[in-house]
Amino acid sequence: MNQEIAKIFYEIAEILEMKEVAFKPRAYQKAAQSIQGLDENVKTIFEKKGIKGLEEISGVGEGIAERIVEYIKKGKIKGYEKLKKEMPVNISELVSIEGVGPKLIKLFYEKLKVRNINDLEKAARHGKISTLPRCGKKLEQKILQGIEFYKKSHERFLLGDVFELAEKIKSRLSELKETEKIEAAGSFRRKKETIGDLDILVVSEKPKKVMDFFVSMPEVRHVYGKGLKKTMVRLSNGLDVDLRVVDEKSFGSALQYFTGNKAHNIELRKIALKKKYKLNEYGLFKVGSKKSEVRIAGQNEKEIYKKLGLQFMPPETRENTGEIELAQKNKLSEFIEEKDIKGDLHIHSHWKVKKGLIKERIKKAKELGYEYLGISDHTKFLAIEHGLNEQDLLKQSKEIERFRLHVSGFKILHGCEANILTDGSIDIDDKVLSKLDYVIAGVHSQMKMSKEKMTERIITAMKNPHVDIIAHLTGRVIQRREEYEIDFDKILRVAKETGTILEINANPVRLDLNDVKIRKAKEFGVKMIISSDAHQNEQMDLMKFGVWQARRGWAEKKDIVNTMSFKEISGLFKKPKKKRF
DNA sequence: GCCGTTTTCGGCCCGACTGTTTTCAGTCG
């Protein structure tokens with residue numbers, strides 16, 4: 001329901017903008033944004049706390065709260081229906097065309113009766129657009145091109161897919177002697193799970209050379225525009241990349257500015273204004289009388305936060321979801337870092353089909369600087385993954401015992417990734433589970449159950465004294481499979497009571513728990529573990545994606561159990577679950 | 001329509017780029 005309401009509010013904002021209503025568009029937009037990012041359903045909030053509860057949402061006041069209630073009760077909003085009648089246009093579709101905004105939509109509708117992308121394409125093809133005031137041939141071409149790109153579905157890219165590409169582009173640029181500093185900003189730097197486009201900043205004395213080199217890279221398929229400050233291209237895989245050349249003295253402020261997110265930046269500027277400063281991508285300036293400006297920061301990003309009276313915030317937290325308020329009070333915690341990770345406990349060795357892989361995994365784990373590694377193959381219910389049965393697990397235990405004797409200075413744990421069956425039971429006998437160092441359990445079948453049943457299923461598994469960790473709790477595969485429906489609050493309460501650890505699956509297609517859920521789990525005092533869930537050696541490198549996600553969820557070292565030493569974590573697993581935390 | 005260590009009324013982030021004109025409106029991030 002939150003997404004539905006957010007979408008309506010965004011549309012209201014656009015329509016009001018068309019009607020040139022002042023300020024209200026921003027209000028609706030802001031409310032839509034908050035509601036979209038909300039963890040709890042507005043309906044639940046309303047049922048629990050009434051209209052006052054809704055008004056607690058940032059950007060939601062009396063008026064908008066009433067509109068939300070109207071939607072909850074009647075499934076529609078009268079004012080919105082009325083606006084729609086005045087402007088019966090598919091706005092959300094049309095605004096997604098690059099270069100088309102509310103004002104143009106209004107003009108196109110009034111003069112050409114354009115209601116959707118199809119109409120717009122026809123109008124542009126027939127040369128109608130360029131007959132309108134302030135519209136020319138170039139706009140017409142731009143619109144046609146925009147439609148072309150829209151049709152090729154301008155979807156977002158997985159962070160994991162963008163990561164390697166970004167590294168490649170950065171290293172190409174760094175080989176060029178004309179570039180001094182290089183940094184990728186935007187949602188990539190904030191390590192969002194999906195990326196719309198990539199922003200790269202460089203410092204250079206020779207912008208022309210850098211831009212020429214940039215557009216000539218083999219990955220570049222299309223150049224949107226090329227200037228000395230900004231060049232925009234599309235790569236052959238469809239990813240849009242903007243390259244910006246900035247002055248050394250503005251590098252920090254440009255990095256801050258282009259990292260965003262937008263809402264975070266707006267808050268920062270407001271703080272600057274209150275201090276009689278001005279903040280933009282060129283620096284932080286003190287504004288004196290007669291509009292004289294003195295730069296007080298810009299070269300260094302940290303300096304900007306400091307001068308604004310704020311603790312430094314890692315890019316992963318810059319979403320304007322409360323980080324600024326905490327930073328003002330100096331109460332922002334230290335978040336977990338990659339170097340805090342001491343081991344990986346969710347690792348597959350495909351033992352039933354290939355025996356030599358445990359050794360390879362150990363070698364890789366040592367390279368990563370880990371202190372320990374846990375082998376956790378699938379169990380028998382997952383025949384397709386050659387899951388191990390009870391006998392296999394006992395045999396594997398003996399082999400791991402032999403490794404322990406031969407490997408020095410490194411510790412190996414033996415676990416498994418067992419299946420939570422539909423009734424919540426585990427597909428491996430308790431007696432065998434109790435012989436393992438630890439047990440991960442996950443749902444791998446029957447994912448479309450009712451919310452109540454799925455919640456009950458997982459809770460039953462958590463109540464099993466042998467189940468230490470629940471893997472990929474929501475089962476989502478980003479952009480491919482929805483989360484299962486679960487009552488997350490209820491699960492968190494039981495996790496806390498039973499001492500069950502929740503996994504943050506680091507695979508970039510899962511990242512499950514997500515940032516919002518991590519933050520909530522932390523608030524409930526539930527412990528988490530970050531796991532690569534590697535099926536191949538190279539996938540053990542994915543741990544960092546989990547760490548970034550954990551940082552986005554404000555997790556600290558103490559919230560994540562695989563920051564513990566081997567002694568601590570093996571001791572932990574030996575204690576009864578309820579006495580662990 | 002929202003919101004408050006300048007305000008319960010009067011403000012609401014800011015600059016670049018583009019295409020269109022010839023001083024600026026619309027869009028974007």
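Convention: sequence-line order gives letters A, B, ...; per-chain numbering from 1.
Salt bridge annotation for A:Asp212-A:Lys226: present, with a cationic side-chain nitrogen under 4.0 angstrom from a carboxylate oxygen. Ion pairing between a basic and an acidic side chain is recognised when a charged N comes within 4.0 Å of a carboxylate O; A:Lys103 and A:Glu17 show no such pairing. Under a 4.0 Å N-O distance rule, the pair A:Lys76/A:Glu81 does not qualify as a salt bridge. In summary, A:Glu483 and A:Lys517 engage in a salt bridge, as defined by a charged side-chain N under 4.0 Å from a carboxylate O. Electrostatic pairing of A:Lys520 and A:Asp489 counts as a salt bridge here, judged by a charged N lying under 4.0 Å from a carboxylate O. Between A:Arg244 and A:Asp242 there is a salt bridge, since a side-chain N of the basic residue sits under 4.0 Å from a carboxylate O of the acidic one. Between A:Glu301 and A:Arg318 a salt bridge is recorded (basic side-chain N to carboxylate O distance below 4.0 Å).
With P as the reference atom, B:dC12 and B:dT6 are 14 Å apart, rounded to whole Å.
Heavy atoms of A:Leu268 sit nowhere under 4.0 angstrom from any nucleic acid atom. A:Lys106 comes within contact range of no nucleotide atom at all, as no heavy-atom separation falls under 4.0 Å. In this structure, A:Ile97 reaches the sugar-phosphate backbone alone: every heavy-atom distance under 4.0 Å involves primed, P, OP1 or OP2 atoms, never a base. Among the protein residues, A:Glu267 comes within range of no part of the nucleic acid, since none of its heavy atoms lies under 4.0 Å from any strand. Note on A:Lys278: only backbone sugar-phosphate atoms sit closer than 4.0 angstrom, heavy atoms only; bases stay farther off.
Of the listed nucleotides (B:dG15, B:dT27, B:dG1), B:dG15 has the atom at the smallest distance from the side chain of A:Glu281. Comparing B:dT20, B:dT27, B:dC2 by their nearest atom to the side chain of A:Lys138 picks out B:dT20. In the set B:dG15, B:dC28, B:dT20, the nucleotide with an atom closest to the side chain of A:Leu139 is B:dT20. Distance from the side chain of A:Pro102 is smallest to B:dT27 among B:dT27, B:dG1, B:dG29. When distances are taken from the side chain of A:Lys103 to each of B:dT27, B:dC17, B:dC2, the shortest belongs to B:dT27.
The aromatic rings of A:Phe9 and A:Tyr28 sit perpendicular to each other, their planes meeting at more than 60°, with 30° as the lower class boundary.
With a cut-off of 3.5 Å on both pairing distances, B:dT8 has no Watson-Crick or G-U wobble partner at all.
Rounded to whole Å, atom C1' of B:dG29 lies 16 Å from atom CZ of A:Arg318. Atom CG in A:Leu228 sits roughly 10 Å away from atom P in B:dC17 (whole-Å rounding). Rounded to a whole Å, the CD1 atom of A:Ile266 is 16 Å from the P atom of B:dC28. Rounded to an integer number of Å, the gap from A:Gln141 CD to B:dG19 P is 11 Å.
For DNA chain B, the neighbouring residues in residues 67-92 of chain A, judged by any heavy atom under 4.0 Å, are A:Arg67. Only A:Tyr257, A:Lys262, listed by number, bring a heavy atom of residues 256-264 of chain A to less than 4.0 angstrom from any atom of DNA chain B. Near DNA chain B, meaning a heavy atom under 4.0 Å away, the residues from residues 49-64 of chain A are A:Ser58, A:Gly59, A:Val60, A:Gly61, A:Glu62, A:Gly63, A:Ile64. Within residues 109-136 of chain A, the residues that have a heavy atom under 4.0 Å from DNA chain B are, in order of number, A:Arg134, A:Cys135, A:Gly136.
Under 3.5 Å, the side chains of A:Ser130 and A:Glu140 contain a donor-acceptor pair of N or O atoms.
Judged by the 6.0 Å distance and 45° axis criteria, A:Lys82 is not positioned over the aromatic ring of A:Tyr80. Cation-pi check for A:Lys286 over A:Tyr277 is not met; the charged atom does not lie both under 6.0 angstrom from the ring centroid and within 45 degrees of its normal.
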I need a per-nucleotide contact map over nucleotides 5-12 of chain B, read 5' to 3'. Cutoff is protein heavy atoms under 4.0 Å; write B for the base, S for backbone only, - otherwise. -S-----B
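Checked against ring pair (Phe, Tyr, Trp, His ring centres under 6.0 Å), A:Phe545 has the following partners two or more places apart in sequence or in another chain: A:Phe163, A:Trp548.
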